[in-house]
Participant: 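Take this structure first; my questions come after.
Remember, it's a predicted structure, so these values are computed and weren't measured experimentally. Just so we're on the same page: letters track the sequence lines, and every chain starts at 1.
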Amino acid sequence: MQLKADKGVGRRFEELIKLALEKGFFASSSEIYGDAPAGFWDYGPLGAAMKRKFIELWRRELVRRDEMLEIDGAQILSKSVFKASGHLDSFVDPIARCSKCGAIYRVDKLIEERTELHIPERMSLDEMKRIVENNGVRCTRCGGELTGYSYFNMMFRVGVGVAEADAYLRPETCQNIFVDFLRVYKTMRRKLPFAIAQYGKSFRNEISPRQGLLRMREFYQAEIEVFFNPDKADDFPKANAIMDYELRLQQVGESEPAEITCQDALGQGLISSKLVAYYLALIQQFYEKVGIPRERIRLRQLGEDEKAFYAVEAWDLEVETSLGWIELVACNNRGDHDLGGHQRMSGHEIEVMDDGQKVLPHVFELSMGVDRSLYCILENFLSLKNGKIMLRLPPYLAPVDAAILPLVSREPLISKALEVYDELRRDFDVEYDDSGSIGRRYMRYDEIGVPICITIDHQTIEDESITIRFRDAAHQIRIDISELPYLLREWLAYP
RNA sequence: GCGGCCGUGGUCUAGCCAGGUAGGACGCGGGGGCCCCGGCCCUGAGAUCGCGGGUUCGAAUCCCGCCGGCCGCACCA
């Protein structure tokens, strides 16, 4: 497997990929086979541990904080689901092939490049074909004629059962939430507005996956769908708590984000409702808790030409890295697109009672890319001071909580250290290590972001006290062994 | 998908142009040393050189195809 960047991408990207491969954060999937397709990645032990902790923070700061309901749905969904959602018709690119050399083109883009005509999203294939013929658009490489007009759908189709009935791997996790909405609503005794959350895999047949975890064909999403009565999006008392909170909004046409309180953003009509303002605040606060500096976070408003086909209002939460601003969370007001579509397609009435009035709920979503977030976190906390690599991860996101180290690898220090290790390992992610000099081991754990080293030395044998060495400042304190579980919990606690 | 560059132990790389036993560094294992921040000593393991075919007595090296990577273009969450 080759991952080294030859040029262009920054040293930070390069160092991070190297660290990921060496230490087991992530690597490309099936790498021992030559035919492994691009865009699939496996998390190693450290990456998997970190992802677990990141999701736990998501549950803490969003799901539990806002009393959301979390579900876990199937990844293969029927054709009807995607007919209703619009993905079968709209999640596509029009393509055509050169009859001579076989090059494949995005027809709409080729026309725009050649003729300066603007091709709207919804133009039919036949119309595009006519424009190609009338304007003499041909293959840019060999001048051959275009043929084989068709749509390339980004969804993976699968055949279910012996009849191989058409079904699809979900291209976004949220369709489960929409098709399950009625049962969840009926069984969980909730009133509008409320949210359903889900963390899991999504699949998209990307044309050119690239840049490691940033664009994959199989990836994790953590999605939140807030269901609300569109007439009452401003009747939302929870928003009172965030009115003075400053969002970093970048409006269409601006090149820099501006800090503006939710109150003012609402007053100026930048945000459609208190409900939307509240959830934008929640998601920005989440990334601040992750530890990303405020100035590297922005909520960028999407223009008409950028929005997904289902969105009526869209903000992207983006984080700045050495590769530029990376989109981590799509915050879309999906209106009644989804529940309306499923209501029509399935024939089930999805309207619910709200204050004695029947309403089809609207949806505001926070659709988070988990793998991308992990990349941004790793890059943000990667420190490259004097040739030494250190991951300054917040303790609650570190893949290993603490390392337990005998000062020298000799008895009785070894036995004592193993005793401490046995005591802690069911409650904490701890590692024991006695190989090499103590300095070497400290560096080894700095490199993978372990916040705390517990060192057993000769004094431990005399009085049951141990040395605690903290990663970031490399300073040490001495505590009694009996205080260890309690203090560890405190040091590893969420902010 | 197009174009440019590239693919050698876990990582980085020498060797490729001028075919002839795959070398080094770091890392890793074992042993020693070590009373606190990777630099010491001894020792060991680990690569059919991305995959497949061809040329050749002989291919990491030359040729072809494929797969993969980075960048640019075009896209996308």
Participant: Rounding to an integer number of angstrom, what distance separates B:A74 and B:G68 when you compare their P atoms?
Facilitator: 23 Å
Participant: For the residue pair A:Arg392 and A:Phe381, would you count it as a cation-pi contact if the rule is NZ or CZ under 6.0 angstrom from the ring centre and within 45 degrees of the ring axis?
Facilitator: no
Participant: Rounded to whole Å, how long is the line connecting atom CG of A:Leu302 with atom P of B:C75?
Facilitator: 15 Å
Participant: Could A:Lys51 and A:Tyr43 be counted as a cation-pi pair, given that NZ or CZ must be under 6.0 Å from the ring centre and within 45° of the axis?
Facilitator: yes
Participant: Holding to ring-ring contact (aromatic ring centres under 6.0 Å, His included), I want the full list of residues that pass it with A:Tyr442, two or more places apart in sequence or in another chain.
Facilitator: none
Participant: Does the side chain of A:Gln221 reach to within under 4.5 Å of the side chain of A:Tyr199, using non-hydrogen atoms?
Facilitator: no
Participant: For A:Ala36, answer base if it contacts any base atom (sugar-phosphate contacts may also be present), sugar-phosphate if it contacts only those atoms, and nothing otherwise; contact means non-hydrogen atoms under 4.0 Å.
Facilitator: sugar-phosphate
Participant: Picking from B:C71, B:G69, B:U11, which would you name as closest to the side chain of A:Leu21?
Facilitator: B:U11
Participant: For A:Pro171, report the nucleic acid contact type (base, sugar-phosphate, nothing); a contact means any heavy atom under 4.0 Å.
Facilitator: nothing
Participant: If the C1' atom of B:C62 is compared with that of B:G20, how far apart are they to the nearest Å?
Facilitator: 14 Å
Participant: Return one dot-bracket line describing RNA chain B 5' to 3' (Watson-Crick or G-U wobble pairs, both distances under 3.5 Å; ( ) same strand, [ ] crossing, | another strand, . none).
Facilitator: ((((((((.[[[[.)....(..]]]].(((((.......))))).....[[[[[..)....]]]]])))))))....
Participant: What interatomic distance, in whole Å, is found between C1' of B:C75 and the corresponding atom of B:C12?
Facilitator: 33 Å
Participant: Measuring only the P atom in each nucleotide, how far is B:G23 from B:C6? A whole number of Å is fine.
Facilitator: 25 Å
Participant: B:C2 and B:G44: how far apart are their C1' atoms, nearest whole angstrom?
Facilitator: 50 Å
Participant: Decide whether a cation-pi geometry holds between A:Arg298 and A:Trp325; the criteria are a distance under 6.0 Å from NZ or CZ to the six-membered ring centre and an angle within 45° of the ring axis.
Facilitator: yes
Participant: Provide the distance between the two P atoms, one in B:G30 and one in B:C71, to the nearest whole Å.
Facilitator: 39 Å
Participant: Taking for each residue the nucleotide of RNA chain B bearing the nearest heavy atom, is the 5' side occupied by A:Pro209 or by A:Leu328?
Facilitator: A:Pro209
Participant: Starting at the 5' end of RNA chain B and moving along, which residue's nearest nucleotide shows up first, A:Asp35 or A:Tyr310?
Facilitator: A:Asp35
Participant: In whole angstrom, give the distance that lies between atom CD1 of A:Ile95 and atom P of B:C75.
Facilitator: 15 Å
Participant: Looking at every strand, decide which applies to A:Met216 at a 4.0 Å heavy-atom threshold: base, sugar-phosphate, or nothing.
Facilitator: base
Participant: In whole angstrom, give me the gap between the P atoms of B:C41 and B:C34.
Facilitator: 16 Å
Participant: Using a 4.0 Å heavy-atom cut-off, write out nucleotides 30-47 of chain B from 5' to 3' as B (base contacted by protein), S (sugar-phosphate only) or - (no contact).
Facilitator: ----BBBBBS--------
Participant: What I want to find out is whether A:Glu419 reaches A:Lys416 closely enough, with some N-O distance under 4.0 Å, to be called a salt bridge.
Facilitator: yes
Participant: Quickly work out the A:Glu14 CD to B:U11 C1' distance and round it to whole Å.
Facilitator: 12 Å
Participant: In whole angstrom, give the distance that lies between atom CD of A:Glu22 and atom P of B:G10.
Facilitator: 12 Å
Participant: Atom CD1 of A:Ile32 to atom P of B:C67: distance rounded to whole Å?
Facilitator: 19 Å
Participant: Grab the CG-P distance between A:Asn332 and B:C76 for me, whole Å please.
Facilitator: 14 Å
Participant: Rounded off to whole Å, could you give me the CD-to-C1' distance for the A:Glu206 and B:A74 pair?
Facilitator: 13 Å
Participant: Do the side chains of A:Lys53 and A:Asp429 get close enough for a salt bridge, i.e. N-O under 4.0 angstrom?
Facilitator: yes
Participant: Apply the test salt bridge (charged side-chain N to carboxylate O under 4.0 Å, His left out) to residues A:Arg334 and A:Glu365: give CA-CA distance (whole Å), side-chain angles for both, the deciding distance (0.1 Å), then the verdict.
Facilitator: CA-CA 7 Å; A:Arg334 297 174 75 121; A:Glu365 78 171 351; 3.0 Å; yes
Participant: To the nearest Å, give me how far apart CZ (A:Arg210) and P (B:A74) are.
Facilitator: 12 Å
Participant: Around A:Lys307, counting heavy atoms of other residues, nucleotides and ligands shown, do more than 12 lie under 6.0 Å from its NZ?
Facilitator: yes
Participant: Is A:Phe219 touching bases, backbone alone, or none of the nucleic acid, heavy atoms closer than 4.0 Å?
Facilitator: base
Participant: Between A:Tyr168 and A:Lys79, is there a cation-pi geometry (under 6.0 Å to ring centre, at most 45° from the normal)?
Facilitator: no
Participant: Tell me if the aromatic rings of A:Phe470 and A:Trp491 count as close, with their centers under 6.0 Å from one another.
Facilitator: yes
Participant: Counting only side-chain nitrogens and oxygens, does A:Gln211 get under 4.0 Å of the OP1 or OP2 atom of B:C71?
Facilitator: yes
Participant: Distance between the P atoms of B:C16 and B:U55, in whole angstroms?
Facilitator: 25 Å
